[in-house]
Every structure is written in C-alpha cells, then in structure tokens.
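Below is one structure; the comments refer to it alone.
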Amino acid sequence: MARCFQLQDGIAVLELDRVLNTTPEELDRHRVGLRTARQNRLELIARSTGQLLARLDAAATAANAKVLLNPTSSRSLVTSRNHVTSAVVDFHGRLGIERLLRSVRARAWTDAAAQVRDRALETGAEGVDAAWKIGKETGGRAFSAMGRLGGSLAGSLTERAKRQLGDGSEGGAKR
C-alpha cells in the first residue's frame with residue numbers, strides 16, 4: 001500500500017511536468033489540487049487504519065478479560081495485535097502519518113486468577129457482614145417479641161395460677 005502511495009506521488013510529478021509543458025499558468029492551481037488529493041488520501045488511510053487498530057484494541061481487551069477461560073488464545077491474540085500494530089506504525093511512518101500507539105501486554109493467567117479470587121473474597125466478606133447485620137437485627141426483633149409475648153404469657157400464667165390457688169385454697173379448706 002505504501003508503494004502504491006509512492007507511485008501515486010510519482011504520477012503527480014509526471015502530471016505537473018505535463019501541465020508545465022502545456023499550460024504553465026495552470027501549474028500552481030494543479031499543484032494545489034494534487035496536494036489536496038494527497039492529503040485526502042493520507043486522511044482516509046489514517047482513518048481506516050485507526051479503525052482497524054481500535055478493533056484490534058477492543059479484541060485484545062476482551063481477550064485479556066477472558067484469559068481464565070482461554071489462556072493460550074488470549075496470549076496469541078494480544079501478540080498478533082501487537083504485531084499488526086507494529087506493522088501499521090511502520091506503514092504510517094513511511095507515509096509521514098504521526099500517531100502515538102501503545103503496546104498491549106498479554107494478561108497472565110495467574111494475575112487474572114488472583115484478581116478473581118480477590119473479588120470473590122471481597123464479595124464474600126461483604127455478604128458475611130450483611131448476613132451478620134441482618135441476623136443481629138432479626139435477633140433483636142425476636143427478643144423484643146419474646147419479651148412482649150413472654151410478658152403477656154407470664155401475666156396470663158400468673159393470673160391463672162392465682163385463680164387456681166384461690167380455688168385451691170378454698171378447695172383445700174373443703175378437704
């Protein structure tokens with residue numbers, strides 16, 4: 001592709017030479033038109049390769065996120081992404097397109113496993129704290145209900161016992 005771009009620049013030089021020989025007064029306008037066309041081609045190439053690199057970055061990010069499920073494929077994809085990115089950067093350099101690109105590091109399976117473990121421990125600790133809090137609140141309500149129930153039950157038992165004793169004391173005198 002870079003060679004095609006170079007050949008288009010060569011054709012532009014030949015066009016300028018032809019315009020100079022046929023209509024020298026048109027040379028500046030033709031030069032401006034060729035420069036604009038070249039800039040448009042550069043922008044189209046930069047935009048297209050930028051979209052390609054964005055899709056590669058998204059694929060590498062997704063692969064790193066799923067490294068636990070497919071450790072070999074994930075590493076392979078990230079390596080391929082870095083290789084293609086390097087080639088695109090070289091291509092941009094040959095065309096004079098400036099772009100800052102970063103390399104992506106393949107995420108190690110052990111790092112991903114450790115992160116999942118840490119998240120599980122955090123979630124588990126939060127769950128234990130929530131269960132403890134709910135248990136405490138429920139226990140407090142149960143004791144309160146037992147106190148109310150126990151108080152009314154104790155009152156009714158005391159009342160019943162007094163009646164029976166009252167009846168029993170009279171019955172005790174009858175015996």
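All values below were derived from every heavy atom in this structure, side-chain atoms included, with hydrogens, water molecules and symmetry-related copies excluded.
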Would you give the length of the straight line joining atom [atom1] of [X] to atom [atom2] of [Y], rounded to the nearest 0.5 angstrom?
X   : Y   : atom1 : atom2 : result
H83 : L56 : NE2   : CG    : 11.5 Å
L52 : D57 : CG    : CG    : 9.5 Å
M1  : S48 : CE    : OG    : 7.0 Å
C4  : R41 : SG    : CZ    : 11.0 Å
D9  : L34 : CG    : CG    : 9.5 Å
L77 : T61 : CG    : OG1   : 10.0 Å

Whether the side chain of T49 engages the backbone of I45 through a donor-acceptor N/O pair (distance < 3.5 Å, no angle test) should be reported. yes
Taking E15 first and then R18, would you say they form a salt bridge - that is, a charged N and a carboxylate O separated by under 4.0 Å? no
Side chains of R94 and F5: does their closest heavy-atom pair fall under 4.5 Å? no
Contact check, side chains of V19 and T23, non-hydrogen atoms, under 4.5 Å: yes
At their closest point, which heavy atom of S74 faces which heavy atom of A63, and how far apart are they? OG-O, 2.8 Å
If you compare all heavy atoms of H92 against all heavy atoms of A46, which two are closest, and at what distance to 0.1 Å? NE2-CA, 4.4 Å
For a side-chain contact (heavy atoms from CB on, under 4.5 Å) with N40, tell me which candidate from L44, L42, T36 qualifies. T36
